[in-house]
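Chain identifiers are assigned alphabetically (A, B, ...) following the order of the sequence lines, protein sequences preceding nucleic acid strands; residue numbering begins at 1 within each chain.
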Amino acid sequence: MYNHQEIEKKWQEIWARERVYQTKTDQSKPKYYILDMFPYPSGAGLHVGHPKGYIATDILARLKMMQGFNVLHPMGFDAFGLPAENYAIKNKLHPKIATDENIATYKRQLSILGFSYDWDREVSTIDPEYYKWTQWIFLQMYKRGLAFESNEPINWCPSCKTGLANEDLEDGKCERCSTPVIQKPLRQWVLRITDYADRLLDDLDKLPGWEDSIKEMQRNWIGRSEGAEVDFKIKDSEQKIKVFTTRIDTIFGCTYIVVAPENSLVTELKEKIENWSEVALYIEECQSKTDLQRTDLNKEKTGVCLKGVKAINPFNQEEVDIFIADYVLNSYGTGAVMAVPAHDERDFAFAKKFGTRIKAVIFPDEQSEYEGKGAYIADGLLRNSGEFTGLSSPVARQEMIAYLEKNNLGAKKVNFKIKDWVFSRQRYWGEPIPLIHCPQCGVVPVPEEELPLLLPEVKSYEPTDTGESPLALISDWVQTTCPQCGGPAKRETNTMPQWAGSCWYYLRYIDPHNDQALVDKGLEKYWSPVDFYVGGAEHATRHLIYARFWHKFLFDIGVVNYEEPFTKLQHVGLIMGEDGRKMSKRWGNVINPDEIVSQYGADALRVYEMFMGPFDQACNWNTNGLIGVRKFLEKVYNLGELDNFQEVKEVKSLLHKTIKKVSADIESFCFNTAVSALMILVNEIVEVKNKISALPLTKEDFFKLLQILSPFAPHISEELAESLGYTGSIFASTWPQYDENLIKDEKINLVIQVNGKLRATLLASAEITEEAALELARQEKLVSKWLTDKEIVKVIFVPGKLLNIVVK
RNA sequence: GCCGCGGUGGCGGAAUUGGUAGACGCGCUGGACUUAAAAUCCAGUUGUAGCGAUACAGUGCGGGUUCGAUUCCCGCCCGCGGCACCA
């Protein structure tokens, strides 16, 4: 009887005792670094969805081990973050205590799944020895001018007097008290990721191992767009409005200007604006909207005309109105646009609502007229455009930019959608930012030898009612002396965002106990870069861009020797509940892996999660499916109880085909078809066994079957290999090779079609010629009846596969 | 709204480059074994018509390209992930 509990416990103890998975570092062998996105240890523990990616990397790690690689396959915890802090606030408990408990739970839950992690290399982002280096990297960025202070808005609940995460908002209102949230500017630290925008974009082309969809998302996130900045003079004033446009060719159709409500220009023009009270009211309304709400193409456009001021189009000297409207964002481009309603959909919708003029200047050809229905947004030929009339859009763009530059009215400009990274949080549970504010010397870094700057103990974890971090209330921590002049100074009280720790953890695993690992780099050369990185698609943009940014910075300062951290990237699809919804306490559809492991076994859970569907696709949990996999493992176990072996040629051939398929499918992450191939092999063995009352394989071949099963189901494979008489771990054995001669088929099913419709499949030699195939087909009644009284127009022959006879 | 991904039997899914649609698993139906049940084994299982051989239809919807389309192109519908302070 297959007693999974006994077997799994036994082998997990042996693996730990014999240190089977200790990372080997003799550099004579090739290396393979397989990385999981490390988890945030939440209080809810693991559900069956979490380990899906870990099972996949474990299978790959075990394959690579058996293929003779030194494998680095570590695990750790990304442990700073809001949930632990919220838990601490609610329960008046130090977040470290809750986090440590959660980590212990996660480790216990992971350990019973039989992973090959080398726990000697565990890292945790909240460990001061770890965040010392997070702080160190930040300081290097600061010293090179990549970190700067800026007033940036946070979500502010005026009633709770607290900053809120986007997640804590409901419909733009505070989740707790339903007060509309406003955008309150606060002094923040910001990282100049935009300095790296071009490299982050261009180097995507150097990553053939990344999925195209994720590269595409990153390209769009970085959002490079080429255009021009143009100065519109304000009438009777020295002031100018600078606008950014990618469609300078439409500028003769500009009928007004739109400025973002929060653009400082608006307050600068206050004296001239005749309807200031109306304008001020609109600006206030905008404070409660998110960018997402503001830029929704479908929503009703809102805005206010600034009465009493006009701007002048530098190309035709026309006077145009100036509006403020929330569909223009201050954070993109110059915070102002020229509006061309005839050639831009948002401008068109706005113009219709506010009754502004619509002037068409781009036409698909010389004859067409503009009918006033919607915007014509494509390129075309210019009309009514002064000296540029008659040019095509692309040519006009070049010549108009040249005109701007010649006359000092503007210039060519590349803009990025990516914004500089607001890197501070007014929170407790994060890495302290190691900077000091000195009234004499300004901002001074904490000296590197004083790192880590420890997170101090506080009485209350709540943000203060000024919006500052709770650290601001600990005056004996805040008050310090300036490292430069020795005078009294204050510490920075903001902390880093959760993303910080995950930007470089893959480097820490390489040498986790060496305090100088980042600066002395012996092993880094051997293990880097990460060969295979697996994690959720939700990280496609932020984490993966942030980590690439930090890595490029570390490359620039000589800490790492290569420009991209992750050679191959694969995203994992979610496991949903049986009801098709995300697993969540709220829906009561959470499946706990502990119960599944105890009832059906870790091997069954592992094989099932790989069998459920394509690895990168979301899939619903189904316990019946798991039972099917369990039955498959029982069949394998029962085969192991036989001790008479009798080789059968067909079975041997199928074994070799399966070795080929499983090896290839693991490398390409097609685990579902690999498991299916293993099931087909085992079914065949069972069927033949029932006929001949012996195992239709040699002992050596049965061991090969166990080897190709072992990455998926390591415990049962070890157990059966042992009872077969093999000593030592199966994972120390060499992955089997398939024999090309054994997998060749002599006969094939040749598909015969008439006019593309299947009419017969005929058994034929794999080498059959077109003539012979046609002759064979004519003799077959099922085919010939479709050929009578018809003329053969064409014959299509795909050797070894198909014959299609086209008749009339 | 914008960006990315997906839609195939009763269900999860397979079809490696445009070449037999439905592998494998679940479920269901029938049978063997059993006093009986469970377990196991065997057979069947896209729909329609037919005793059957077989024929026709069929991969979200509507068009197109092709000897041939689940696969490529155009236009829609629906679901999922992300949208910068959840990680």
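Considering only heavy atoms from C-beta on, A/Val783 comes within 4.5 Å of A/Ile805 through its side chain. Side-chain contact check for A/Trp786 versus A/Lys757: every heavy-atom pair is 4.5 Å or farther apart. The shortest side-chain heavy-atom distance between A/His47 and A/Ile591 does not fall under the 4.5 Å cut-off. Looking at heavy atoms from C-beta onward, A/Phe712 lies in side-chain contact with A/Phe671 at the 4.5 angstrom threshold. Here the side chains of A/Gln188 and A/Ser424 are in contact, with some heavy-atom distance below 4.5 Å.
Out of B/C85, B/C56, B/C3, the shortest distance to the side chain of A/Trp786 is found at B/C56. Among the nucleotides B/U54, B/G19, B/C67, the one closest to any side-chain atom of A/Gln753 is B/G19. The nucleotide whose nearest atom lies closest to any side-chain atom of A/Asn220 is, among B/C42, B/G4, B/A21, B/G4. Which of B/C3, B/C26, B/C85 sits closest to the side chain of A/Gln188 comes down to B/C85. Closest approach to the A/Lys785 side chain among B/U54, B/C85, B/A84 is made by B/U54 (side chain taken as heavy atoms from C-beta onward). Nearest nucleotide to the side chain of A/Arg425, out of B/U20, B/A84, B/C85: B/C85. Checking B/C26, B/C24, B/C85 against the side-chain heavy atoms of A/Asn624 singles out B/C26 as nearest. Each of B/A23, B/U54, B/C67 was ranked by its minimum atom distance to the side chain of A/Ser676; first place goes to B/A23. Side chain of A/Lys757, nearest nucleotide from B/G19, B/G82, B/A57: B/A57. Comparing B/G81, B/G19, B/A84 by their closest approach to the side chain of A/Trp221 singles out B/A84.
Atom pair A/Leu762:CG and B/G19:P shows a separation of 20 Å (rounding to whole Å applied). With rounding to whole Å, A/Phe797 atom CZ is found 16 Å from B/G19 atom P. Distance A/Ile418 CD1 to B/C83 C1': 13 Å, rounded to the nearest Å. Taking atom CD on A/Glu211 and atom P on B/G81, their separation rounds to 17 Å, with Å as the unit. Rounded to whole Å, atom C1' of B/C41 lies 18 Å from atom CZ of A/Phe632. To the nearest angstrom, P of B/C26 lies 7 Å from CE of A/Met679. Taking atom CG of residue A/Leu639 and atom P of nucleotide B/U40, one finds them 14 Å apart after rounding to whole Å. The CZ-P distance, from A/Phe615 to B/U16, rounds to 21 Å in whole Å.
Mapping A/Asn155 and A/Gly756 onto RNA chain B by nearest heavy atom places A/Gly756 at the nucleotide closer to the 5' end. Nucleotides of RNA chain B nearest to A/Ile214 and A/Leu574 differ in position, and the one nearer the 5' end is that of A/Ile214.
Atom name C1', nucleotides B/U65 and B/C74: the rounded distance is 11 Å, in whole Å. B/C28 and B/C11 have their C1' atoms separated by 11 Å, given to the nearest Å. Taking atom P in both B/U70 and B/U20, the straight-line distance is 10 Å, to the nearest Å. Separation of the C1' atoms belonging to B/U17 and B/A55 is 32 Å when rounded to the nearest angstrom. Rounded to whole Å, the separation between the P atoms of B/U71 and B/C61 comes to 11 Å. Here the separation of B/G60 from B/G1, taken at their P atoms, is 23 Å to the nearest Å. B/A43 and B/A57 have their C1' atoms separated by 27 Å, with the value rounded to a whole Å. Between the C1' atoms of B/G62 and B/C77, the separation comes to 11 Å (whole Å).
Contact check, A/Lys794 against B/C67: a side-chain N or O comes under 4.0 Å of OP1 or OP2. Dashed line: the shortest gap from a side-chain N or O of A/Lys301 to OP1 or OP2 of B/G1 is not under 4.0 Å. At the phosphate of B/A55, OP1 or OP2 sits under 4.0 Å from a side-chain N or O atom of A/Arg759. For the OP1/OP2 pair of B/U40 and a distance below 4.0 Å, the side-chain nitrogens and oxygens of A/Asn690 include no atom meeting the criterion.
Among the heavy atoms of the strands, none lies under 4.0 Å from A/Thr623. Residue contacts for A/Lys419: at a heavy-atom cut-off of 4.0 Å it reaches a base atom on one of the strands shown. If you check every strand for non-hydrogen atoms under 4.0 Å, A/Ile627 touches nothing. Nucleic acid contact for A/Lys582: sugar-phosphate only, since backbone atoms but no base atoms lie under 4.0 Å from a heavy atom of the residue. Backbone-only engagement by A/Asn683 is indicated by non-hydrogen atom pairs under 4.0 Å involving sugar-phosphate atoms exclusively.
Residue A/Arg581 places its CZ atom among more than 12 non-hydrogen atoms of other residues, nucleotides or ligands, all under 6.0 Å distant. Counting heavy-atom neighbours within 6.0 Å of A/Lys657 NZ, excluding the residue itself, gives a total above 12.
In this structure B/G31 sits in the anti conformation; its chi angle is more than 90° from 0.
The only member of A/Leu169, A/Asp168, A/Leu164 that meets side-chain contact (heavy atoms from CB on, under 4.5 Å) when paired with A/Glu175 is A/Asp168.
Note on ring orientation: taking the six-membered ring where Trp is involved, the planes of A/Trp421 and A/Tyr546 are parallel (angle under 30°, cut-offs 30° and 60°). Using cut-offs of 30° and 60° on the angle between ring planes, the pair A/Tyr106 and A/His50 is tilted.
Less than 4.0 Å separates RNA chain B from at least one heavy atom of each of the following residues of residues 79-87 of chain A: A/Gly81, A/Leu82.
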Dump the intermediate steps for ring-ring contact (aromatic ring centres under 6.0 Å, His included) on A/Phe348 and A/Phe350, then the final yes or no.
CA-CA 5 Å; A/Phe348 183 85; A/Phe350 190 87; over 10 Å; no

Kindly determine whether A/Trp621 and A/Tyr608 satisfy ring-ring contact (aromatic ring centres under 6.0 Å, His included), including the steps that lead there.
CA-CA 10 Å; A/Trp621 179 266; A/Tyr608 173 59; 5.0 Å; yes

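Under the 6.0 Å cut-off for aromatic ring centres, A/Trp504 and A/Tyr130 qualify, their centroids lying closer than that. Residues A/Phe423 and A/Phe138 place their aromatic rings such that the two centres sit under 6.0 Å apart.
A donor N or O paired with an acceptor N or O is not found under 3.5 Å between the base of B/C86 and the side-chain atoms of A/Glu538.
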Both distances under 3.5 Å, Watson-Crick or G-U wobble: on that basis, could you give the dot-bracket string for RNA chain B, with [ ] for crossing pairs and | for other-strand partners?
(((((((..(((......[....)))((((((.......))))))((((....))))..(((((..]....))))))))))))....

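For A/Asp665 and A/Thr673, the side-chain atoms include at least one donor-acceptor pair closer than 3.5 Å. A donor-acceptor pair shorter than 3.5 Å can be found between the side chains of A/Asp347 and A/Tyr327.
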Which nucleotides of nucleotides 8-15 of chain B have their base under 4.0 Å from a protein heavy atom (B), which only their sugar-phosphate (S), and which neither (-), written as one string 5' to 3'?
----BSSS

